[in-house]
Student: 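I have a structure here, written as structure tokens, and I will follow up with some questions on it.
All heavy atoms count here, side chains included; hydrogens, waters and symmetry mates do not. In what follows, chains carry the letters A, B, and so on, assigned in the order in which the sequence lines appear, proteins first and then strands, with residues in each chain numbered from 1. Keep in mind that this is a model prediction, so the values were computed, not measured.
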Protein chains: 2
Amino acid sequence: MKVDQRDSTPLHEQLAAILRAEINEGKYAESGMLPSESYLQQEHGVSRGTVRRAIETLTAEGLVFTIAARGTFIGKRPPDAKSR
Amino acid sequence: MKVDQRDSTPLHEQLAAILRAEINEGKYAESGMLPSESYLQQEHGVSRGTVRRAIETLTAEGLVFTIAARGTFIGKRPPDAKSR
DNA sequence: GAGAATTTGTACGTATGTATG
DNA sequence: ACATACATACGTACAAATTCT
């Protein structure tokens, strides 16, 4: 799946939908985490800001959570994790 | 006490808190020094860089001081800490 | 003193967080 | 939405200093 630059749907929404589907398909079940933002940026041909907005959406949905300098993990954020 | 990899509190902060508590409990009173960085690294399952940042914090607090290739000692750095 | 082992020091690479235009 | 720059966090590799055999 790829984002469509001509589609009027915001890129970050398109990307969020793609990632959401991939997660539900178990694509990242092995590592338990998403690829780095830079990787996703190059992979999908969008800016890092767009990648981050997409991940933000998935975080709000409780699908993933990120920890600074470590990465974005699949699943709900543990109760004692303080960052956003 | 152990660091929590899923807690988003920086690992070096978690480790600093652990070491600070252990020092105050007198855990290292006997030797008067901290274990080596490699030991702490394996003991707590973090990288050496994280260990060093934790020790850096304790040093800034005046709780310990480090001498190159010798180790990290409990207490405030003496004026002539380099000589033997 | 020589050489190996141990310990701390420094540099660099990668990842996410924040700010600006 | 994108680009860039910088900050913070974590890790790895190599270098330097000290100690031990």
Student: Considering only heavy atoms from C-beta outward, does the side chain of L40(A) approach that of L19(A) to under 4.5 Å?
Tutor: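 Counting from C-beta outward, L40(A) and L19(A) do come under 4.5 Å.
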
Student: Got a second to check how far R48(A)'s CZ is from E37(A)'s CD, nearest 0.5 Å?
Tutor: 4.5 Å

Student: Send over the distance from R70(B) CZ to dT8(C) P, rounded to a whole Å.
Tutor: 11 Å

Student: Figure out the CZ/C1' separation between R53(B) and dT8(D), and round it to whole Å.
Tutor: 9 Å

Student: Are L63(B) and K76(B) side-chain neighbours, meaning at least one heavy-atom pair lies under 4.5 Å?
Tutor: no

Student: For T50(B) and dA9(D), is the shortest distance between a side-chain N/O and OP1 or OP2 below 4.0 Å?
Tutor: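 Checking T50(B) against dA9(D): no side-chain N or O falls below 4.0 Å of OP1 or OP2.
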
Student: Please determine whether a side-chain nitrogen or oxygen atom of T66(A) lies at a distance below 4.0 Å from atom OP1 or OP2 of dG17(C).
Tutor: yes

Student: Can you tell me the distance, in whole Å, between the NE2 atom of H44(B) and the C1' atom of dC10(D)?
Tutor: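 Interatomic distance, NE2 of H44(B) to C1' of dC10(D): 17 Å.
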
Student: Nearest of dG9(C), dC10(D), dG17(C) to any side-chain atom of A68(B)?
Tutor: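 Closest of the options to the side chain of A68(B): dG9(C).
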
Student: The side chain of P10(B) is closest to which nucleotide in this list: dA1(D), dC10(D), dT16(C)?
Tutor: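 Of the options given, the side chain of P10(B) lies nearest dC10(D).
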
Student: Rounded to the nearest Å, what distance is computed from the CE atom of residue M33(A) to the C1' atom of nucleotide dT16(C)?
Tutor: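 Roughly 11 Å, once rounded to whole Å.
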
Student: If you compare all heavy atoms of T9(B) against all heavy atoms of R70(A), which two are closest, and at what distance to 0.1 Å?
Tutor: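 For T9(B) and R70(A), the tightest heavy-atom pair comes out as O-NH2, 3.3 Å.
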
Student: Nearest whole angstrom, please: distance from the P of dT7(C) to the OH of Y39(B).
Tutor: 12 Å

Student: Is a donor on one side and an acceptor on the other found under 3.5 Å between the side chain of E13(A) and the backbone of A54(A)?
Tutor: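 No; judged by distance alone, with no hydrogens or angles, the pair does not exist.
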
Student: Roughly, in whole Å, what's the span from CG in L40(A) to C1' in dA1(D)?
Tutor: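 Answer to the nearest Å: 17 Å.
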
Student: Taking T66(A) as the fixed residue, which of L58(A), L34(A), T72(A) is the one that meets the side chain to side chain contact (heavy atoms under 4.5 Å, CB included) rule?
Tutor: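 Among L58(A), L34(A), T72(A), the one meeting side chain to side chain contact (heavy atoms under 4.5 Å, CB included) with T66(A) is T72(A).
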
Student: In whole Å, I'd like the distance from the CZ atom of R52(B) to the C1' atom of dT7(C).
Tutor: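 Taking atom C1' of dT7(C) as the reference, CZ of R52(B) is at 10 Å.
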
Student: How close or far is atom C1' of dT7(C) from atom CD1 of I67(B), stated in whole angstroms?
Tutor: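 Rounded to whole Å, this separation is 12 Å.
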
Student: Would you say Q14(B)'s side chain and D4(B)'s backbone share a donor-acceptor pair under 3.5 angstrom?
Tutor: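 Judged by distance alone, yes, a pair lies under 3.5 Å.
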
Student: Could you please name the partner base of dA4(C), counting Watson-Crick and G-U wobble pairs only when both distances are under 3.5 Å?
Tutor: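 Check on dA4(C): paired to dT19(D), both distances under 3.5 Å.
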
Student: Using every non-hydrogen atom in the two residues, find where I23(A) and V64(A) come nearest and quote the distance to one decimal.
Tutor: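 Closest pair (atom of I23(A), atom of V64(A), distance): CD1-CG1, 3.6 Å.
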
Student: Between the protein and nucleotides 12-15 of chain D, list the N/O to N/O atom pairs that are separated by less than 3.5 angstrom.
Tutor:
none

Student: Please determine if E61(B) and R20(B) form a salt bridge, counting it only when a charged side-chain N lies under 4.0 Å from a carboxylate O.
Tutor: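 Answer for the salt bridge query: yes.
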
Student: If you only use heavy atoms from C-beta on, which nucleotide in dG17(C), dG11(D), dC10(D) is closest to the side chain of E37(A)?
Tutor: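 Nearest listed nucleotide: dG17(C).
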
Student: Among the nucleotides dG11(D), dT7(C), dT16(C), which one has an atom lying closest to any side-chain atom of V46(B)?
Tutor: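 Per side-chain heavy atoms of V46(B), the pick is dG11(D).
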
Student: Under 4.0 Å, heavy atom to any atom of DNA chain D: which of residues 11-18 of chain B qualify?
Tutor: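 By residue number: L11(B), H12(B).
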
Student: Got a donor-acceptor contact below 3.5 angstrom from the T50(A) side chain to the V46(A) backbone?
Tutor: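 Here the side-chain-to-backbone pair does not exist.
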
